[in-house]
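So the structure is just underneath, and the comments pick up after that.
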Amino acid sequence: MKLTYNVQDKPKFGQMVVFGFQQLLAILAATIAVPSIVGNGMSQSAALFGAGVGTIVYLLFTGFKSPVFLGSSFAFIGSMFAAFGGAVSAQAGFAGIILGAVFAGLVYVVLAIAVKIAGVKWIDKLMPAVVIGPTVSIIGLSLAGNAVGDLTLGKVMTEVTTQVIKDGAIVDEVSSVSAANPYVALLCGFVTLFTVIICSVFGKKMAKLIPFIIGICAGYVTATIFTVIGMKTGNTALQVIDFTVFHDMKWFAIPDFTILQAAKGLSQINGQYIATVAVAYVPVAFVVFAEHIADHKNLSSIIEKDLLTEPGLHRTLLGDGVGSMAGALFGGCPNTTYGESVGCVAITGNASIVTILTTAVMAIIISFFGPFVTFLASIPNCVMGGVCITLYGFIAVSGLKMIQGVDLGENKNLFVVAVILICGIGGLVVSFGKVTLTSVACALILGIITNLLVSKSKGESAESEKKETAKKA
């Protein structure tokens, strides 16, 4: 695709701020979702601050040549649970998640050194287009369920009590579900989705460059209308946005940085706990390494420049690894390159590195201001679901574009793509104790094995044919 702004292009200041805010909207939900899921007192604002810091570190290591934002990594959620679960106190748990991020970051540093020495040709042999293309598609397709699931959810929650029988006794269990009627939420999501599509396809000038901002605003306004009507009539089924989050909002507050809590628990860490954290984090770092390559291959195809050779995989790995360490000091979450950010670049045609830098700076600044964080957090799931359909869809399509030149008429290639797509879409997940291989990682590993198997067989057949020909001669 033709880029409106290439990597080194610099939009005007006003446009730069708007573009940066759009990127922030694209990555926000996932970035603050990780600390929410892990809990244990982790701060969403601190995670946003850490993501901004991690991204700036990444940009510095890559020489401002790779336009992607780094946010909280979902791959390490299990590792973070293990760090808190094995700690003697919450403070020690905070120290553990920082320590874990350091372990993961050091894995990236070691891999970066290995890549610097060995080069990247082995990666092209191990992961050619027939492997990496469908894997990139799986990154988008594996998130499809999240986007579609969000389409019917609002922010106003209601408690539902269900009776569960355990050991012959009835136990009441209370859970929270969206109060909004699914069709009302769905309508808000569709307004967002089709606004993004119309702006991106038919929009002129700025409208074409900021389809997400316009789409989210359209969806938010629609949700607001339904919510106000629902509040006035007492009908919770129409209430999509939870405006009560603004009641106790603070205008300015310093995020609860992880390092401040961790400092109180350092004395409670022992060798056994360090080993537990290492086992929880290190294997996952190797899994995320594969996803790191897939993301950068995808981004390379969008900007039409191979990031694995310039600035180089060793530099992107160092940026990702050290960026994760730096980000975790503040937010506790190891960072990773975000597919949402890559999708935003692809759809808007804006690969300006200045835009990514602006997004990182905005993430840091906004984390201190309650109104901004609260407003962003109040955006309904259904509205973000509408946006994510396009973001995740573009990632999936980008992967398919990578295999356009692959001959799928050959069973050799057909089996590789088939294995990756079916295992990835089917959600194959394998766990080894506290280490979990995601569906993307499983699909990629099986794809590599299949490709090596059929390539070896083909090579052996060719060699046999050559020997037979030589004998007959």
Side-chain angles (χ1 to χ4, degrees), residues 19-37 44 47-59 61-62 66-77 101 104 108 135-144 146-147 150 212 287-303 307 316-317 319-321 323-324 326-328 331 333-348 350-353 355-364 366 376 384 387-396 398-399 438 440:
F19 296 155
F21 185 65
Q22 178 171 246
Q23 270 274 350
L24 188 64
L25 289 175
I27 59 88
L28 177 79
T31 299
I32 65 176
V34 174
S36 299
I37 293 170
Q44 295 179 337
L48 194 59
F49 185 98
V53 170
T55 300
I56 291 175
V57 171
Y58 172 83
L59 295 177
F61 271 93
T62 55
S66 180
V68 63
F69 190 92
L70 270 64
S72 308
S73 175
F74 279 75
F76 288 97
I77 288 178
Y108 271 48
T135 302
V136 169
S137 291
I138 289 302
I139 292 176
L141 294 173
S142 64
L143 296 168
N146 295 337
D150 282 344
F212 298 124
V287 174
V288 179
F289 165 65
E291 296 180 8
H292 175 98
I293 294 175
D295 279 337
H296 285 81
K297 283 275 191 178
N298 187 15
L299 188 58
S300 296
S301 69
I302 294 169
I303 66 176
L307 295 171
T316 63
L317 284 170
D320 204 340
S324 283
C333 307
N335 293 333
T336 188
T337 49
Y338 258 23
E340 289 89 341
S341 178
V342 176
C344 188
V345 170
I347 295 174
T348 62
N350 179 10
S352 170
I353 202 74
T355 298
I356 302 298
L357 178 61
T358 302
T359 305
V361 173
M362 291 178 72
I364 292 172
I366 286 176
L376 295 175
M384 289 310 301
V387 169
C388 288
I389 285 177
T390 60
L391 288 173
Y392 301 155
F394 258 71
I395 296 170
S398 296
T438 64
V440 175

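Since we're looking at a predicted model, the values are computed, not measured. The first residue in the sequence is number 1, and the count goes up from there.
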Find the distance between [atom1] ([X]) and [atom2] ([Y]) and round it off to the nearest 0.5 Å.
X: Cys333; Y: Leu48; atom1: SG; atom2: CG; value: 11.0 Å
X: Leu25; Y: Phe212; atom1: CG; atom2: CZ; value: 10.0 Å
X: Phe21; Y: Ile366; atom1: CZ; atom2: CD1; value: 6.0 Å
X: Leu307; Y: Thr337; atom1: CG; atom2: OG1; value: 10.5 Å
X: Ile303; Y: Asn298; atom1: CD1; atom2: CG; value: 10.5 Å
X: Gln44; Y: Leu28; atom1: CD; atom2: CG; value: 8.5 Å

Tell me, please, which residues at least two apart from [X] pass side chain to side chain donor-acceptor pair (under 3.5 Å).
X: Thr336; value: none
X: Ser341; value: Gln23
X: Thr359; value: none
X: Gln22; value: none

Exercise for review: Apply side chain to side chain contact (heavy atoms under 4.5 Å, CB included) to Ile302 and Val342, showing your working.
Suggested key: CA-CA 9 Å; Ile302 294 169; Val342 176; 3.5 Å; yes
Please name the pair of heavy atoms, one in [X] and one in [Y], separated by the smallest distance, quoted to 0.1 Å.
X: Ala328; Y: Ala101; result: CB-CB, 3.3 Å
X: Pro35; Y: Ala47; result: CG-CB, 3.7 Å
X: Val53; Y: Ala326; result: CG1-CB, 4.0 Å
X: Gly20; Y: Thr358; result: CA-CG2, 4.3 Å
X: Cys344; Y: Ala26; result: CB-CB, 4.3 Å
X: Ala147; Y: Tyr392; result: CB-CD1, 3.8 Å

I want to check something: taking the side chain as every heavy atom from C-beta on, are [X] and [Y] in contact at a cut-off of under 4.5 Å?
X: Phe289; Y: Asp320; value: no
X: Asp150; Y: Cys388; value: no
X: Val68; Y: Ile356; value: no
X: Leu299; Y: Ser66; value: yes
X: Ser73; Y: Val34; value: no
X: Leu70; Y: Val57; value: no

Review point. Between the main-chain N or O of Thr316 and the side-chain N or O of Thr62, is there a donor-acceptor pair closer than 3.5 Å?
Key: no
Check your understanding: Where the side chain of Ser72 meets the backbone of Asn335, is there a donor-acceptor pair that is under 3.5 Å apart?
Key -> no
Exercise for review: Check the pair Thr135 / Ile293 against side chain to side chain contact (heavy atoms under 4.5 Å, CB included), numbers first and verdict last.
Suggested key: CA-CA 10 Å; Thr135 302; Ile293 294 175; over 6 Å; no
Check your understanding: Sequence neighbours excluded, which residues qualify as ring-ring contact (aromatic ring centres under 6.0 Å, His included) partners of Phe69?
Key ->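 Applying ring-ring contact (aromatic ring centres under 6.0 Å, His included) to Phe69 gives none.
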Check your understanding: For Phe19, which residues count as a ring-ring contact (aromatic ring centres under 6.0 Å, His included) partner, sequence neighbours excluded?
Key ->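 Result, ring-ring contact (aromatic ring centres under 6.0 Å, His included) vs Phe19: Tyr5.
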